[in-house]
Amino acid sequence: MTSATSAELFLDALQGDADCVKWLQNLQDPEIPWREVRLPAPELLAGVLVDLAVPHEDIATLLSLADEVDASPELTELLGRAVRGLLRPGTGAPGEGVELPDFPADAGVLGRNFAVLVFVAALPHARAGHEERGIPAEISRRTLADLGRNLAVHRRRFGTTGLLVPWWPTRHFRGELYQLGRLQFERAPLGERMAQELTREGLDAGPGDICLSVHIPDFLGPITAGLCEDSIDRARAFFDRYFPEEKPKAAVCHSWLLDRQLKKYLPVGSNIVRFQDRFRIAYMSDAPADDTPVAFVFGGTETPRAELPRRSSLQRAVLGHLDAGGHWYSGSGWFPW
């Protein structure tokens with residue numbers, strides 16, 4: 001397959017997908033500021049990918065795709081518009097950029113990886129935003145390297161190069177999310193339901209107010225109480241220093257790890273139970289999310305449950321609960337900041 005045919009297939013697939021068509025339309029907004037966008041020179045790109053913790057197995061594919069983009073005026077133009085939309089308007093305020101869509105399956109290898117090239121092209125701007133805030137280079141490096149971790153998640157699950165959730169790293173590259181020790185903290189607007197809960201608890205908080213959303217990346221070992229406490233201490237100092245204009249009232253977490261049913265299966269002193277106990281549960285999801293813990297604990301949902309291992313207490317808890325006819329839910333919790 002020639003590069004031109006590959007590019008045409010990708011662009012045609014975008015036109016046949018409603019979400020992608022909407023994304024393309026949003027990128028045409030004349031209010032999006034202009035900024036120079038380009039991929040690193042071919043002789044530099046591999047090093048950039050290594051710095052972003054991209055798995056070595058994926059680098060050759062991404063180098064080839066970068067050549068395809070550089071050889072296609074249509075893809076080069078789309079890449080520029082995607083980066084400019086992503087970073088709009090460049091203030092770093094949460095939620096202001098144009099989100100990347102989930103590209104359709106028939107978009108092929110370019111569809112699985114176009115977002116990766118968008119983030120690589122956005123890298124100099126993301127670093128500049130960090131530098132303007134005075135954010136230490138080490139925090140910047142660890143935060144942006146989460147792109148490589150997400151590529152590793154895709155490879156572990158599907159054995160190919162790609163991003164499972166293309167829109168997720170937008171938060172890192174827009175200056176909304178930071179890796180601070182074991183945990184990640186995202187500057188995010190409070191949702192209406194959580195804001196109502198905080199108000200009932202006596203906090204002066206409304207929908208849209210800034211909170212800190214806590215995320216637990218995998219591949220970084222256990223979430224011990226000590227590591228979590230260290231992350232929270234780092235986050236308090238970090239946001240006080242680098243975002244003093246924002247006064248979050250609470251840290252929030254939306255995760256299957258906050259399903260209180262886990263306490264029926266895990267020891268009282270387990271890391272997950274101690275993590276849960278940091279949060280006041282505001283509400284649970286209305287619909288079951290059975291696949292979510294399976295995907296996180298076992299690396300995917302493609303393997304039949306009967307063939308999955310039951311070596312750890314968490315593996316036994318997740319599968320045993322489902323075997324008994326139970327369901328897992330996502331919990332939403334908070335603690336005062």
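As the structure is a computational prediction, the values presented were derived from the model and not from experiment.
- Using a 4.5 Å heavy-atom cutoff, the side chains of L163 and L147 are in contact.
- Of all heavy-atom pairs spanning P309 and F298, the tightest one is O-CE2, 3.2 Å.
- Using a 4.5 Å cut-off between side-chain heavy atoms of Ile, Leu, Val, Met, Phe, Trp and Tyr, with links allowed through other members, F219 and L52 fall into different hydrophobic clusters.
- In this pair, F114 and W23 present their aromatic rings perpendicular. The plane angle is above 60°, beyond the 30 to 60° band.
- Between I232 and W337 there is a side-chain heavy-atom pair separated by less than 4.5 Å.
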Between R156 and D218, does the side-chain contact (heavy atoms from CB on, under 4.5 Å) criterion hold? Intermediate values first, please.
CA-CA 12 Å; R156 178 182 66 179; D218 55 6; 3.3 Å; yes
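- Between E197 and R193 there is no salt bridge, since no side-chain nitrogen of the basic residue lies less than 4.0 Å from a carboxylate oxygen of the acidic one.
- Side-chain atoms of S64 never come within 3.5 Å of backbone atoms of T61 as a donor-acceptor pair (strictly under, hydrogens ignored).
- Side-chain contact check for V165 versus N150: every heavy-atom pair is 4.5 Å or farther apart.
- Between P244 and Y242, every side-chain heavy-atom pair lies at or beyond the 4.5 Å cut-off.
- Using modelled atom types, no side-chain atom of R310 and backbone atom of Q315 make a donor-acceptor pair closer than 3.5 Å.
- Rounding to the nearest 0.5 Å places SG of C211 at 11.5 Å from CG of L203.
- Minimum interatomic distance between A115 and P166 (heavy atoms only, all atoms of both residues): CB-CB, 3.8 Å.
- Residue G333 comes nearest to F279 through the heavy atom pair C-CD2, 3.8 Å, listed as atom of the first residue, atom of the second, then distance.
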Derivation and outcome, side-chain hydrogen bond (donor to acceptor under 3.5 Å, both in side chains), residues T301 and R157
CA-CA 9 Å; T301 59; R157 185 163 180 178; 2.9 Å; yes
side-chain contact (heavy atoms from CB on, under 4.5 Å) between H254 and Y283: does it pass, once the steps are laid out?
CA-CA 10 Å; H254 308 279; Y283 55 89; 3.7 Å; yes
Applying side-chain contact (heavy atoms from CB on, under 4.5 Å) to L177 and F185, what does each step give before you reach the verdict?
CA-CA 6 Å; L177 180 148; F185 296 82; over 6 Å; no
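- Residues L198 and I281 are members of separate hydrophobic clusters, defined by side-chain heavy-atom contacts under 4.5 angstrom among Ile, Leu, Val, Met, Phe, Trp and Tyr.
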Go through the steps to decide whether R174 and E99 satisfy the test salt bridge (charged side-chain N to carboxylate O under 4.0 Å, His left out), and finish with yes or no.
CA-CA 11 Å; R174 286 203 298 240; E99 293 280 6; 3.4 Å; yes
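- Of the inter-residue distances, the one linking I32 atom CD1 with N26 atom CG reads 7.5 Å to the nearest 0.5 angstrom.
- Using cut-offs of 30° and 60° for the angle between ring planes, the H172 and W168 rings count as perpendicular.
- The CG atom of L144 sits 10.5 Å away from atom CG of D51, with the distance rounded to the nearest 0.5 Å.
- Using modelled atom types and a 3.5 Å distance limit, the side chains of D146 and Q184 yield a donor-acceptor pair.
- Looking at D259, its side chain does come within 3.5 Å of a backbone N or O of Y329 through a donor-acceptor pair.
- The shortest non-hydrogen separation linking G175 to F243 is O-CZ, 4.1 Å.
- No side-chain heavy atom of W256 sits less than 4.5 Å from a side-chain heavy atom of W328.
- In terms of modelled atom types and a separation under 3.5 Å, the side chain of T143 and the main chain of I139 share a donor-acceptor contact.
- Considering every non-hydrogen atom in both V37 and A121, the closest pair reads CG1-CB, 3.9 Å.
- Just one residue in the list I59, V116, N113, L65 forms a side chain to side chain contact (heavy atoms under 4.5 Å, CB included) with T161, and that residue is N113.
- Within the 3.5 Å criterion, the main-chain N or O of V268 finds no donor-acceptor partner in the side chain of K263.
- In this structure the side chain of V252 never reaches within 4.5 angstrom of the side chain of L212, judged on heavy atoms.
- Annotation: side chain of E246 is in contact with side chain of R187 (closest heavy-atom distance under 4.5 Å).
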Derivation of the salt bridge (charged side-chain N to carboxylate O under 4.0 Å, His left out) call for E36 and R38:
CA-CA 7 Å; E36 184 70 27; R38 64 183 63 189; 3.0 Å; yes
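- Ring pair Y178/F239 is perpendicular by interplanar angle, where above 60° counts as perpendicular and below 30° as parallel.
- Counting heavy atoms from C-beta outward, C228 and L183 have side chains that approach closer than 4.5 Å.
- In this structure a side-chain-to-backbone donor-acceptor pair under 3.5 Å is missing from E229 to A225.
- Annotation: salt bridge (charged side-chain N to carboxylate O under 4.0 Å, His left out) contacts of D291 (sequence neighbours excluded): R305.
- Note that CD of E201 is 13.0 Å distant from CD of Q196, once rounded to the nearest 0.5 Å.
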Could you check R234 against D230 for salt bridge (charged side-chain N to carboxylate O under 4.0 Å, His left out), going step by step and ending with a plain yes or no?
CA-CA 6 Å; R234 292 189 192 199; D230 172 70; 2.9 Å; yes
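- Partner L14 forms a side chain to side chain contact (heavy atoms under 4.5 Å, CB included) with one of D19, L110, V21, L24 and no other, that one being L24.
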Going through the checks in order, is the salt bridge (charged side-chain N to carboxylate O under 4.0 Å, His left out) test met by E138 and R142?
CA-CA 6 Å; E138 183 65 9; R142 290 182 180 272; 2.9 Å; yes
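- Using modelled atom types, one side-chain atom of S72 and one backbone atom of L75 make a donor-acceptor pair closer than 3.5 Å.
- Surrounding CZ of R155 are more than 12 heavy atoms belonging to other residues, nucleotides or ligands, all under 6.0 Å away.
- The backbone N or O of L86 sits nowhere less than 3.5 Å from a side-chain atom of T170 that would complete a donor-acceptor pair.
- A salt bridge is absent between R88 and E96; no separation between the charged side-chain nitrogens and carboxylate oxygens falls under 4.0 Å.
- Counting heavy atoms of neighbouring residues, nucleotides and ligands inside a 6.0 Å radius, atom CD of E192 does not exceed 12 of them.
- The minimum heavy-atom distance linking L262 with L257 is given by the pair CD1-O, 3.8 Å.
- Listed for the D17 side chain is no donor-acceptor partner under 3.5 Å among the backbone atoms of P104.
- Distance check: F335 CZ to D277 CG gives 13.0 Å after rounding to the nearest 0.5 Å.
- Geometrically, R316 does not engage Y265 in a cation-pi contact, judged by NZ or CZ lying under 6.0 Å from the ring centre and within 45° of the ring axis.
- Judged purely by atom type and a 3.5 angstrom limit, S140 has no side-chain atom pairing as donor or acceptor with the backbone of R127.
- The line from CZ of R278 to CG of L258 is 12.0 Å long, rounded to the nearest 0.5 Å.
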Go through the steps to decide whether V83 and L87 satisfy the test side-chain contact (heavy atoms from CB on, under 4.5 Å), and finish with yes or no.
CA-CA 6 Å; V83 172; L87 299 176; 3.9 Å; yes
